[in-house]
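Residues take their numbers from the sequence shown, with the count starting at 1. As the structure is a prediction and not an experimental result, all values here were calculated from the model.
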Amino acid sequence: GALQGGAALCIAAAIFMGAGAVSSEIDAKTLITVLARPIARWETLTGKWVGLTVFGVATLAIGALVGMALAAWFGIELDRGALLLALAHASMAVALFGGLAVAISANGTSGLAGLATALMVFMPVLVGMLDSETPGTGRTVGRAIGAVTPVGFIDVSARVPRLSDEALRRSPAHRQAHADYDAHAQPGLLAENAAFTVIFLAGGCAFFSRRDIKL
């Protein structure tokens, strides 16, 4: 729960900071101090994304270290492989949604950036619901949306604590959380999120470079 909550807070912080990263500076007319220098707009946008991503990933790392220390204190054995996978998915989600928020922020308002990115967070749930329907319009729409939607944040934090066979037998929720998963698919899922991050940032930079900004 602590790992899950920490990841959610870091993702929310990335969206919040990304949504106001550029639009707030345009509104306050403070961006002129940056754009007046010999620096390209795409560099400005990328720099802001790198900053918020580093902040989010560093916060995740600190939280993981604190969690490991507490687990050792209470004698809880952790699955290091599951922990690394959980941190990888959370870090990729921070980069993905932070990048989308920054890209929209540079070409719209902070409110639009925050709302659109928040909707993207929950879009994979909608795609899964539509895809689970019987063949028809709903499934077709779901697959069409899924083709242009990243997989988003995949939470595997429940797998991090090692549980005994007895504990798994006594709790259906624990059995479900620790069910076997396709380990070979994980790099592909991370790569898909990385690819969408590049697409969002590249699109944001392209539009931002051509945007007429009155400072």
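Annotation for Arg80: atom CZ does not count as buried by contact number, only 12 or fewer foreign heavy atoms lying within 6.0 Å.
With values rounded to the nearest 0.5 angstrom, Arg159 atom CZ is found 8.5 Å from Leu85 atom CG. Between atom CE of residue Met123 and atom OG1 of residue Thr149 there is a gap of 6.0 Å, rounded to the nearest 0.5 Å. For the atom pair Asp155 CG and Gln4 CD, the distance stands at 4.5 Å (nearest 0.5 Å). Remark: Thr44 OG1 to Trp49 CH2 distance equals 15.0 Å, nearest 0.5 Å. Distance CE/Met120 to CD1/Ile104: 7.5 Å, rounded to 0.5 Å.
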Q.
Run the side chain to side chain contact (heavy atoms under 4.5 Å, CB included) test on Leu201 and Trp42 for me, step by step, so that the C-alpha distance in whole Å, both residues' side-chain angles and the decisive distance to 0.1 Å come before the verdict.
A. CA-CA 9 Å; Leu201 278 174; Trp42 71 265; over 6 Å; no
**Q.** Derivation and outcome, side chain to side chain contact (heavy atoms under 4.5 Å, CB included), residues Ile15 and Val121
**A.** CA-CA 10 Å; Ile15 295 174; Val121 173; 3.8 Å; yes
Q) What's the verdict on side chain to side chain contact (heavy atoms under 4.5 Å, CB included) for Met92 and Glu192, showing C-alpha distance, side-chain angles and the deciding distance? A) CA-CA 10 Å; Met92 196 67 254; Glu192 180 179 337; over 6 Å; no
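No salt bridge links Glu43 with Lys48; every basic N to acidic carboxylate O contact stays at or beyond 4.0 Å.
Taking every heavy atom of both residues into account, Leu52 and Gly18 meet most closely at CD2-CA, 3.7 Å. Taking each heavy atom of Ile26 and Arg211 in turn, the nearest pair found is CD1-NH1, 3.4 Å. Considering every non-hydrogen atom in both Ala101 and Ala19, the closest pair reads CB-N, 3.7 Å. The two atoms that bring Ala93 and Ile11 nearest to each other are CB-CD1, 3.6 Å, heavy atoms only. Contact between Ser23 and Gly108 at its shortest, heavy atoms only, is CB-O, 3.5 Å. Pairing each heavy atom of Pro161 with each of Leu78, the nearest pair is CA-CD2, 4.1 Å.
A continuous path of hydrophobic side-chain contacts links Leu126 to Phe153 [ILVMFWY only; heavy atoms under 4.5 Å]. No single ILVMFWY cluster, assembled from side-chain heavy atoms under 4.5 Å apart, contains both Leu119 and Phe196.
The only member of Leu60, Leu96, Asn193 that meets side chain to side chain contact (heavy atoms under 4.5 Å, CB included) when paired with Ser91 is Leu60.
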